[in-house]
Enquirer: 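Before I ask anything, here is the structure I am working with.
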Amino acid sequence: MEAKGWRLEQERLDQVREKLKARIDALEPEVSGLSDQAAEIRRRFWEEVTVNTSTDEEFEETFYTIKQQAAVLSERERRHRLLLQQWRSFNRMLPSPYFGRVDFLEDGLNGSEQIYIGVSSFVDEDGLTFLVYDWRSPIASLYYDHSPGAASYDTPVGRITGTMELKRQYQIQDGQLRRMFDASVTIGDELLQQMLAKGADSQMKSIVSTIQKEQNAIIRNDHSRLLIVQGAAGSGKTSAALQRVAYLLYKNRDSLKADQIVLFSPNQMFNSYVSSVLPELGEENMQQTTFQEYLEYWLGSSFQVEDPFSQIEYVLTAQSTPNDEARLQGMKYKASEAFMKALQNYAQWLGREGMLFNGIRFRDRVLITAEQMRSQFYGYDTSLSLANRVDLLQKWILKELSLLERKELGASWVEEELHYLDNEHYAEVFSELHKEREVLDIAEHYAVVREKISNKRREDEGDFDFAEREEDLLRQKIVKASFKPIRKNVKRFSFIDVHGLYTQLFIDEAAYRDKTNEVDIPVLWSEICKQTKDKLEKFEIFYEDATPYLYLKELIEGVRTNTEIRHVFIDEGQDYSPFQYEYLKKLFPRARMTVLGDFGQAIFTQSTNLQDAESPLFRLYGETETCLIRLVRSYRSTREIVEFTKVLLSDASEIVPFERSGPKPLLVKVEDGEMRDIRVLKDIAALKAEGFESIAVITKTAAESRSAFESLRKHGGEALQLITKETETFEKGAMVIPVYLAKGVEFDAVLIYEASPHAYGRDNDRKLLYTACTRAMHQLLLYTTGDWSPFVESMDSSLYEMVT
């Protein structure tokens with residue numbers, strides 16, 4: 001770049017920063033003043049209002065005074081929020097107001113426009129001239145999608161065509177222009193190289209300055225009901241998805257709020273890892289949860305629910321025994337679309353016969369028997385759905401309870417309860433009786449009664465009819481309070497024995513086939529039945545049974561839906577089953593779904609193919625409503641690590657490494673476990689000396705993590721952290737972590753604690769080892785005390801360095 005060009009750019013940057021500073025200075029007193037005003041209005045709210053309800057006119061005046069004060073307060077607070085948001089946005093921009101520029105000559109116009117792009121918009125004092133355009137604005141897509149030459153972008157009123165005359169990138173730090181270069185179709189490698197060369201952080205960062213064209217297609221997809229992103233490890237799919245959330249909030253500012261977006265993430269630690277991206281872009285965080293949390297919410301009061309990490313621990317340690325094989329077959333089958341269809345058929349069968357009910361008991365008596373419910377239920381029109389007939393039955397039960405309540409008023413237990421009532425109950429009834437008297441005073445045909453009551457009240461307040469009515473009311477309150485929990489449980493469908501209905505599926509093979517019309521069932525079905533029933537009898541439930549159990553429950557009771565949620569994001573989407581996807585679609589009927597995943601990291605038994613049109617996800621919304629975007633370039637790891645890890649998969653030839661070089665993966669063979677621990681700690685110290693702050697010792701299972709952690713600490717690794725499924729926040733430092741908890745997270749360096757055939761020898765361990773190794777950004781080290789895993793042993797030796 002010529003000196004003159006550099007000088008002009010720095011001058012322009014200085015001018016923008018001066019205007020930002022001036023705007024910040026102007027906003028500060030206004031932001032502070034509005035905050036003080038709102039606080040003062042809240043403090044003096046009732047001082048400004050005289051509450052008078054003695055006449056209709058005064059009541060109306062009071063109402064409108066309160067309404068007016070509330071409106072003033074609301075307007076002050078709204079304006080304060082807007083100005084505070086502006087003030088924060090300008091402060092975020094000040095160190096680096098923009099990162100890109102395009103010069104665009106629109107067709108039909110004489111002169112080109114210089115378009116500077118940053119994390120937020122900044123308009124000059126005239127209110128018309130954009131000094132900086134928000135990266136999410138339609139015109140900013142030129143920067144991400146085109147190279148100099150013919151270019152276009154879409155707006156709400158149509159497509160704008162023209163010629164891009166220049167595309168330039170900047171690296172600006174603390175107001176100083178550090179680097180500047182002109183770029184072609186992709187965001188320049190130089191800037192991306194610098195970004196990727198940095199160390200891993202404890203929280204994911206925004207990537208708006210380095211968004212690639214294929215990532216931009218994910219971010220700005222507006223038409224698909226279901227967007228599937230199949231991306232290689234480190235391809236930036238999660239980052240792009242979070243920028244997509246920011247884009248959606250920007251574009252739909254008036255109709256979409258952050259709490260109408262929900263992200264299902266793999267674990268709580270991952271939630272912490274991504275929590276700073278949206279605030280960094282000036283947006284509120286969307287709702288974040290895990291699917292396990294949802295299961296716990298609905299089943300936790302009835303069952304001890306197995307979590308997916310306990311399930312995968314079982315899978316990773318399973319032996320070739322009939323019991324283990326049956327469990328594995330059960331996991332796969334219960335996650336399938338075939339099992340969902342079987343449950344639908346089962347619901348139809350229940351519409352004809354086999355419904356199980358819980359009788360309603362009260363004080364050691366059965367008020368309504370299960371047989372009465374069954375008789376009533378099967379008396380309804382069979383053309384009605386199962387859920388509609390259950391709804392009718394619920395209404396019938398509540399009506400019966402009302403009749404039974406009245407019969408209980410004269411029961412001896414009510415008489416006994418009367419003697420134990422406290423003064424509060426009497427005072428409440430006394431107040432109600434006086435209200436009844438006021439009503440009596442209004443009714444003319446009760447004039448005689450009113451006179452008698454009035455005379456008697458003067459003689460002896462509280463006796464005669466008053467006392468009788470008081471006792472009636474107290475009896476009603478006692479019975480109503482006793483029946484209240486029964487009614488509450490009926491409204492929660494506790495009269496349906498869902499536990500028994502789900503268990504009933506697993507009596508034996510013949511019964512299952514009869515109730516579901518299912519033909520193709522697992523070979524070890526008898527053992528699957530036994531394992532499932534044994535678990536349910538202890539009021540525990542396998543992870544693979546939790547979603548089907550909820551699904552059956554909703555087929556019977558009616559579907560729970562959340563119509564407020566408009567967008568659902570699912571990270572590590574390959575780890576969800578087709579069954580779970582169908583369930584989520586029903587749960588969020590108005591939502592668009594974005595699924596992010598890598599089938600190469602499908603380490604759970606219930607995994608779903610995301611790679612092509614053969615994916616069952618295409619049947620969720622249909623092919624016309626579904627878009628699949630594949631990301632094949634890996635940005636996280638160095639070229640040497642990517643070339644090493646892609647060989648671990650049998651079908652990863654399409655993965656393209658980003659041209660960032662580093663040392664080859666290092667294979668270290670040691671004599672025994674003690675020597676390995678000494679070498680691992682030595683290597684961690686060396687990595688820290690090089691400036692790496694995020695280092696992971698990755699094991700296969702949680703049990704191995706704990707064992708490695710304790711062994712390393714004995715040899716001097718006191719600073720190590722142990723990461724478990726209970727860990728909620730991601731911190732920098734050296735840690736020991738099982739591979740399935742490391743998914744979605746990246747580290748400066750990764751040390752595979754045991755890369756032997758014992759750890760990664762079975763075919764289904766291939767993806768597990770791939771997942772572990774692809775967490776590394778800069779350096780990858782593998783250790784063994786014996787032979788190497790066959791997936792490593794079969795590699796070309798040019799892909800790694802060996803130390804023995």
Side-chain angles (χ1 to χ4, degrees), residues 233 266 306 308-336 522-524 527-528 531 542-544 572 574-575 577 597-611 644-653 665 667 669 673 676 697-708 736-743 750-775 780-796 799-800:
E306 182 187 45
F309 309 119
S310 298
Q311 186 199 63
I312 196 172
E313 282 287 329
Y314 183 95
V315 172
L316 297 178
T317 57
Q319 304 299 315
S320 299
T321 65
N323 285 351
D324 285 350
E325 184 58 34
R327 174 80 197 277
L328 295 175
Q329 287 185 16
M331 288 180 192
K332 189 172 182 179
Y333 178 68
K334 291 171 182 176
S336 69
V523 175
L524 298 175
E527 179 59 27
I528 292 171
Q531 291 178 1
F542 287 130
Y543 180 71
E544 62 267 25
E572 300 297 338
Q574 74 281 348
D575 294 336
S577 70
D598 175 15
F599 198 57
Q601 299 179 62
I603 63 176
F604 286 84
T605 306
Q606 72 272 14
S607 297
T608 295
N609 170 27
L610 306 177
Q611 296 192 94
F644 177 90
T645 55
K646 65 188 288 188
V647 178
L648 294 172
L649 297 180
S650 56
D651 56 352
S653 58
L667 273 60
K669 182 177 285 190
R676 175 181 55 201
V697 178
I698 298 182
T699 67
K700 182 177 180 180
T701 68
E704 290 170 7
S705 276
R706 183 164 294 281
S707 175
V736 183
I737 183 172
V739 58
Y740 53 81
L741 289 181
K743 283 164 65 69
V750 165
L751 293 73
I752 307 299
Y753 189 71
E754 179 62 63
S756 67
H758 171 73
Y760 302 100
R762 299 178 297 184
D763 190 57
N764 58 358
D765 292 331
R766 180 187 293 273
K767 290 183 176 180
L768 206 66
L769 182 57
Y770 171 78
T771 302
C773 292
T774 54
R775 302 306 94 202
L780 173 63
L781 300 88
L782 295 87
Y783 304 83
T784 187
T785 56
D787 294 332
W788 290 104
S789 160
F791 312 123
V792 176
E793 190 70 48
S794 61
M795 282 186 183
D796 189 310
L799 295 174
Y800 55 80

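The shown structure was predicted, so the numbers you read here are calculated from the model rather than taken from an experiment.
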Enquirer: Considering all heavy atoms of both residues, which atom of L524 and which atom of P322 are nearest to each other, and what is their separation?
Expert: CD1-O, 3.8 Å

Enquirer: If you compare all heavy atoms of A772 against all heavy atoms of V750, which two are closest, and at what distance to 0.1 Å?
Expert: O-CG1, 3.8 Å

Enquirer: In Å, rounded to the nearest 0.5 Å, how long is the span from CG of L769 to CD1 of I603?
Expert: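 If I round to the nearest 0.5 Å, the distance is 11.5 Å.
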
Enquirer: So which atom in L648 and which in C773 form the shortest heavy-atom distance, rounded to 0.1 Å?
Expert: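 In terms of heavy atoms, the two residues are closest at CD1-SG, 4.1 Å.
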
Enquirer: Evaluate side chain to side chain contact (heavy atoms under 4.5 Å, CB included) for F604 paired with V315, printing each intermediate quantity in order.
Expert: CA-CA 8 Å; F604 286 84; V315 172; over 6 Å; no

Enquirer: Would you say Q574's side chain and F599's backbone share a donor-acceptor pair under 3.5 angstrom?
Expert: no

Enquirer: Checking the side chain of E544 only, and the main-chain atoms of G330 only, is there a donor and an acceptor separated by less than 3.5 Å?
Expert: no

Enquirer: Enumerate the side-chain hydrogen bond (donor to acceptor under 3.5 Å, both in side chains) contacts for residues 759-775, please, sequence neighbours excluded, ordered by first and then second residue.
Expert: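 For residues 759-775, and leaving out neighbouring residues, the side-chain hydrogen bond (donor to acceptor under 3.5 Å, both in side chains) pairs sorted by first residue read Q601-R775, K700-D765.
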
Enquirer: If the condition is salt bridge (charged side-chain N to carboxylate O under 4.0 Å, His left out), which residues does D575 pass it with, not counting sequence neighbours?
Expert: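 D575 satisfies salt bridge (charged side-chain N to carboxylate O under 4.0 Å, His left out) with K743 only.
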
Enquirer: Does any non-hydrogen side-chain atom of L316 lie less than 4.5 Å from one of L768?
Expert: yes

Enquirer: Relative to each other, are the rings of Y740 and F309 parallel, tilted or perpendicular (30° and 60° limits)?
Expert: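 Correct class here is parallel.
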
Enquirer: Mind checking what makes side chain to side chain contact (heavy atoms under 4.5 Å, CB included) contact with T317, not counting sequence neighbours?
Expert: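 Listed in chain order: T701.
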
Enquirer: Mind listing the closest non-hydrogen atom pair of A326 and I528 along with its distance?
Expert: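 Closest pair (atom of A326, atom of I528, distance): O-CG1, 3.3 Å.
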
Enquirer: Residues two or more places apart in sequence or in another chain: which of them pass salt bridge (charged side-chain N to carboxylate O under 4.0 Å, His left out) with E754?
Expert: R676

Enquirer: Should M331 and F542 count as side-chain neighbours, where that means a heavy-atom distance under 4.5 Å?
Expert: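 A side-chain contact is absent here, since even the closest heavy-atom pair is not under 4.5 Å.
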
Enquirer: Measuring from atom NZ of K334 to atom OG1 of T605, what distance do you get when rounded to the nearest 0.5 angstrom?
Expert: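 If I round to the nearest 0.5 Å, the distance is 12.5 Å.
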
Enquirer: So R327 and E306, salt bridge (charged side-chain N to carboxylate O under 4.0 Å, His left out) or not? Walk me through it.
Expert: CA-CA 14 Å; R327 174 80 197 277; E306 182 187 45; 2.8 Å; yes

Enquirer: With sequence neighbours excluded, tell me which residues meet side chain to side chain contact (heavy atoms under 4.5 Å, CB included) with N323.
Expert: T321, E527, Q531

Enquirer: Identify the heavy atoms of T785 and G673 that sit nearest to each other, and give their distance.
Expert: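 Shortest heavy-atom separation between T785 and G673 comes out as CG2-N, 3.9 Å.
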
Enquirer: To the nearest 0.5 Å, what is the distance between CG (L667) and CD1 (I752)?
Expert: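 L667 atom CG to I752 atom CD1 measures 10.5 Å (nearest 0.5 Å).
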
Enquirer: Suppose we screen for side chain to side chain contact (heavy atoms under 4.5 Å, CB included). Which residues come up paired with T699, at least two apart in sequence or across chains?
Expert: E704, S705, A708, V736, P738, Y753

Enquirer: Roughly how far, to the nearest 0.5 Å, is CD of Q606 from OH of Y543?
Expert: 5.5 Å

Enquirer: How close do L782 and A755 get, counting heavy atoms only, and between which atoms?
Expert: CD2-CB, 3.9 Å

